[in-house]
Amino acid sequence: MDPKARVEELSKLLEQYNYEYYVLDNPSVNDAEYDRLMQELISLEKQCPELLSPLSPSQRVGGMVQDEFKKIQHKRMMLSLANAFNNEDLRDFDKKIQDLLGIDEVEYMCEMKIDGLGMSLIYHHNLLYAVTRGDGVTGEDVTSNVITIKSIPSHIDLPEEYEIRGEVFMPKKSLEKLNAEREVTGEPLFANARNAAAGSIRQLDSSIAASRGLDAFWYYVVNAKDFGIQYHSDALNMATKLGFKTNPERRICHGIDEVIAYIEEYTEKRPSLSYDIDGIVIKVNDMKVYDKLGYTSKTPRWAIAYKFPPEEVITKLTNIIYTVGRTGKITPNAVLEPVRVAGSLVQRATLHNEDFIHDKDLKIGDYVVIRKAGDVIPEVVRPVKERRTGTEIEYQMITNCPVCGAPLVRKDAMHFCINPSCDARKIEGIIHYSSRNAMDIDGMGEKVVEQFFNQGFIRSICDIYDLANYRDQIIALDGWKDKSIDNLLTAIENSKANSLERVLFGLGIKEVGAKTAKVLSRIYKDIDTLSKATYEELVEIPDVGPILAKSLVNFFANEENVQMINTLKEKGVNFEFKGVTSKAADSYFSGKTCVLTGTLSSMGRSKATEILESLGAKVTGSVSKATDYVIVGEDAGSKLDKARELGVRTLTEDEFLAFIK
C-alpha cells in the first residue's frame, strides 16, 4: 500500500481505538494489537518524515519543547459565570429568566462544574487549535499539550469551522499517582486536581503533560447555530457523536424545583465521582433565546454556576503530634484517619495551639468534622460529641520540646522551644532560607532538607553552599540522578546573586517578613549599614515598630549571627540591594498601586511583584478605588471583576511586559 494511504488508514484506526478506550471505556482491540499498529505508524513516519502531522496519534506521547506559548485572541469571548450559593439565589435567577421570556417554566440543562482548566478547541481545515481561557479575550495556544490527552479527537468529520469549549482536568487517581511520585523525589505536592491540571497544561515540554494522566469534558459548542442546532442538549449530543467526551451526568430539568433536586442529588454523589467538581452549572436549554436574555459585561444571563458549600466530612482524631518551627514555636497537629476532602487525601491538620484545642473541646480518639478552608487547607471544625464512648483521652500540652527535650516557654497562646541548638529549629531555618520567597533554591524542599540534614551534609544555612562536596554521596541516595543534583547545585549557585531583601528575609530574623525585608533593603542598601542601625533609627521607619526594631538590634548584636553573615559573604552570597532605584523615580509605575491577578506565563507573580517594587510601585493584594493598575494573567478571577466594576485600568501581560521593557 502507498505509505501516505497507509499512514492515513493507521491514523484513523488508532483514533477510533483511542475513542473506544478513553471515551466509551469499551476497547475493541487488546493492548498488543494497539501497540503493533502504533509502532507501524511510527516506523512509516520515520521513513517518510513529510507524512508526520502534529496531530498524528504518534504525537500523543508528547515530546515537543517550546520556548513560550503563543497568544491567541478568542473570536468570541470566553465569559465567566455568575455564582449562586443557595436555593434563594437559584430562584432569583429563574424568576429573572421567566420575566424576560414571559413564560412560567424554563427548561434547563444541568451539568457538573468540573474543577479544572477552561479550554477552547477550534477545528478548521483539518487543523486543531487548543486555546486557554486567559483573561477571556486572549488565551494561549497549548495545542501541543492538549493533543496528548487521548480522549480528545485530533480530527473531526466536518468541513466547517467547529469550536467547542470545556474543561481539562486531572482525575482523582491521576492526582494520587502524581503526588506519590513527587513525594518520592521530594517535590512539593499539588494541593488539588485543578492546580495539577493547570500546571501540567502550562508545561513547555509536552511530554510532561502527556505523563500526567489528564482528561477533558466538553460542555459548550460555541457556533452550534451554524449547524442548525437550537437546543444546548442537542449540541452536546452532536459533540458526543463527533467523538468528544461529554459528561454523562448531565440532565434536562423542567423548572427550578427539578434543578434544586438535581443539585441535592449530586451534592450527595459528589464524593463518589472519579473527578473533582466544585458546583453545578445551570443553562437555559433553548439557545435561540440567548441573545434575548443577553449578557452583562462579564457573564451571560442565560447560565449560572451553583457553588457547593465547603465539604465537611467526619473522621477520627487518632493522635496529636507536634512540630517545631524555625523560631522554636511548637504547633500541635491532628493525626487523622485518612479521608478524602475536596479532592485530596487528608491525614493531618494543624490545631494551632493549646487554647484552640481546649476551646474546641477536642480529645484524642474523638470523631471530628473536618473541611478545607478555601478548598485548600484542612481544618478541624468540631468534635462529634454524640459519638464519644468514654475511651477518649483528655488533651494535655507537652512541657518539653519533642525534638531536643528542652523545657518549653509559653508566650501568649504559643509555646516555644528556646534552645538555639535544637535540630528541628535548624532544619526549619534551612527550609525557610531555601523557600521561594527567600533565596528560592528550587529543589531544596522540606523532604530534601531533612534528608541532607540527617545524612550530615548540611547543619546550617552556610552548609548549603558546600553541598557540591557531597555530590557523589548524594547520587548514591535513592531518587537522585545526575540531572537532579546538577539542577540543585545550579539553583544554589544562582541564589548567591539574589538581592539583599531575599537573603534578609531568609535569615529568619524574628518579626522580619518579606515585606519588611524589602522596606529595610531599600533604605539601608547593604547588610553592613543595616547592622549598624540603632533602635531609635529603626523605630521611626514606617512598618517597623518597637518589637521589630528590638529584634533587629538583638540579631546583629549576636556574635554567632555576625559570623554566619560573614561566612555567607565568603561563600559569595550577595548582601547588597539590587533594586533599580535610579530608574524608579522615572518609571511608569513609580508611586502607583498595582494588583496582580491570574497566572503570568512569562514570570511568576513573585517575580512580577519584585520588578514592580523595584520600579517604585506598591503591590497590594486587593482591588480598591486607590488601585491604579490591575495586571491580568491567565485565569484571572474576582480581582479582574472588581477592577471592571470600579473602572480601574487593567493591563494584559503583554502590555505589562511592554511597559517594564
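Given the structure is predicted, the values throughout are model-derived calculations rather than measurements.
Taking the side chain as every heavy atom from C-beta outward, Leu236 and Glu111 approach each other to under 4.5 Å. Contact annotation: the side chain of Pro300 never approaches that of Lys283 to less than 4.5 Å [non-hydrogen atoms, C-beta and beyond]. Contact annotation: the side chain of Lys510 never approaches that of Phe555 to less than 4.5 Å [non-hydrogen atoms, C-beta and beyond]. For the pair Cys110 and Tyr266, the minimum side-chain heavy-atom distance is 4.5 Å or more. For the pair Lys642 and Ser622, the minimum side-chain heavy-atom distance is 4.5 Å or more. Two residues are said to be in side-chain contact when any heavy atoms from C-beta on lie closer than 4.5 Å; Ile282 and Leu90 meet this criterion. With contacts defined as side-chain heavy-atom distances shorter than 4.5 Å, the pair Ile464/Ser434 qualifies. Counting heavy atoms from C-beta on, the side chains of Ile357 and Met397 never come closer than 4.5 Å.
Annotation: cation-pi geometry not satisfied between Arg251 and Tyr262 (NZ/CZ under 6.0 angstrom from ring centroid, within 45° of ring axis).
Under the rule for a side chain to side chain donor-acceptor pair (under 3.5 Å), the partners of Asp257 that lie at least two apart in sequence or sit in another chain are Arg91. When the side chain to side chain donor-acceptor pair (under 3.5 Å) test is applied to Gln451, the partners found at least two apart in sequence or on another chain are Trp480. In this structure, the ring pair (Phe, Tyr, Trp, His ring centres under 6.0 Å) partners of Phe217, at least two apart in sequence or on a different chain, are Phe169, Tyr275. Remark: Tyr219 engages no residue in a ring pair (Phe, Tyr, Trp, His ring centres under 6.0 Å) (not counting sequence neighbours). For Arg502, the salt bridge (Lys or Arg N to Asp or Glu O under 4.0 Å) test picks out Glu610, with sequence neighbours left out. For Asn285, the side-chain contact (heavy atoms from CB on, under 4.5 Å) criterion is met by Glu107, Met109, Tyr231, His232, Ser233, Ile252, not counting sequence neighbours. Under the rule for a ring pair (Phe, Tyr, Trp, His ring centres under 6.0 Å), His254 has no partner lying at least two apart in sequence or in another chain. In terms of the side chain to side chain donor-acceptor pair (under 3.5 Å) criterion, residue partners of Lys385 (sequence neighbours excluded) are, by chain and number, Asp361. Listed by chain and number, the residues in a ring pair (Phe, Tyr, Trp, His ring centres under 6.0 Å) with Phe85 amount to none (sequence neighbours excluded). Listed by chain and residue number, Lys483 satisfy the side-chain contact (heavy atoms from CB on, under 4.5 Å) test with Asn487 (two or more places apart in sequence, or in another chain). The side chain to side chain donor-acceptor pair (under 3.5 Å) test applied to Lys95 returns Asp99, not counting sequence neighbours.
No more than 12 heavy atoms of other residues, nucleotides or ligands sit less than 6.0 Å from atom CD1 of Ile418. Around atom NZ of Lys550, no more than 12 heavy atoms belonging to other residues, nucleotides or ligands sit under 6.0 Å away. The neighbour count for Arg459 CZ, taken as heavy atoms of other residues, nucleotides or ligands under 6.0 Å away, is above 12. Remark: Ile314 CD1 is packed, more than 12 non-hydrogen atoms of other residues, nucleotides or ligands lying under 6.0 Å away. Around atom CG of Asp442, no more than 12 heavy atoms belonging to other residues, nucleotides or ligands sit under 6.0 Å away.
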Handout entry: side chain to side chain contact (heavy atoms under 4.5 Å, CB included) evaluation trace for Lys172 with Asp276
Key = CA-CA 7 Å; Lys172 292 174 181 177; Asp276 288 333; 3.3 Å; yes
Exercise for the section: Please lay out, stage by stage, how Leu317 and Tyr395 fare under the test side chain to side chain contact (heavy atoms under 4.5 Å, CB included). Expected result: CA-CA 12 Å; Leu317 173 59; Tyr395 172 73; over 6 Å; no
Exercise for the section: List the steps, then state whether side chain to side chain contact (heavy atoms under 4.5 Å, CB included) holds for Ile321 with Arg348. Expected result: CA-CA 10 Å; Ile321 61 173; Arg348 298 280 191 276; 3.7 Å; yes
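Annotation for Ala197 and Val168: closest pair CB-O, 4.0 Å, computed over non-hydrogen atoms. Across all their heavy atoms, Ala196 and Ser200 have their closest contact at O-OG, 2.7 Å.
Distance CD1/Ile304 to CD1/Ile280: 13.0 Å, rounded to 0.5 Å. Taken from OG in Ser120 to CH2 in Trp218, the straight-line distance is 7.5 Å, to the nearest 0.5 Å. To the nearest 0.5 angstrom, Lys173 atom NZ is 15.0 Å from Met170 atom CE. Here the OG1 atom belonging to Thr318 is positioned 9.5 Å from the CD atom belonging to Gln347, to the nearest 0.5 angstrom. Summarising the geometry, atom CE belonging to Met439 is positioned 8.5 Å from atom CD1 belonging to Ile461; distances are rounded to the nearest 0.5 Å. Asp366 CG to Ile393 CD1: the interatomic distance, rounded to the nearest 0.5 Å, is 10.5 Å.
In this structure a side-chain-to-backbone donor-acceptor pair under 3.5 Å is missing from Lys363 to Thr391. Here the side chain of Asn145 pairs a donor or acceptor atom with the backbone of Ile201 at under 3.5 angstrom. A donor-acceptor distance shorter than 3.5 angstrom exists from the side chain of Asn400 to the backbone of Gly405, with no hydrogens or angles considered.
In this model, no donor atom of one side chain and acceptor atom of the other lie less than 3.5 Å apart for Ser435 and Asn437. In summary, the side chains of Gln98 and Asp94 do present a donor paired with an acceptor at a separation below 3.5 Å, with no hydrogens or angles considered.
Look at Arg371 and Glu312 and you find a salt bridge, because one of the NZ, NE, NH1 or NH2 atoms lies within 4.0 Å of a carboxylate O, short of that distance.
Listed by first and then second residue, the side-chain hydrogen bond (donor to acceptor under 3.5 Å, both in side chains) pairs that reach into residues 406-421 are Glu354-Arg410, Asp355-Arg410, sequence neighbours excluded.
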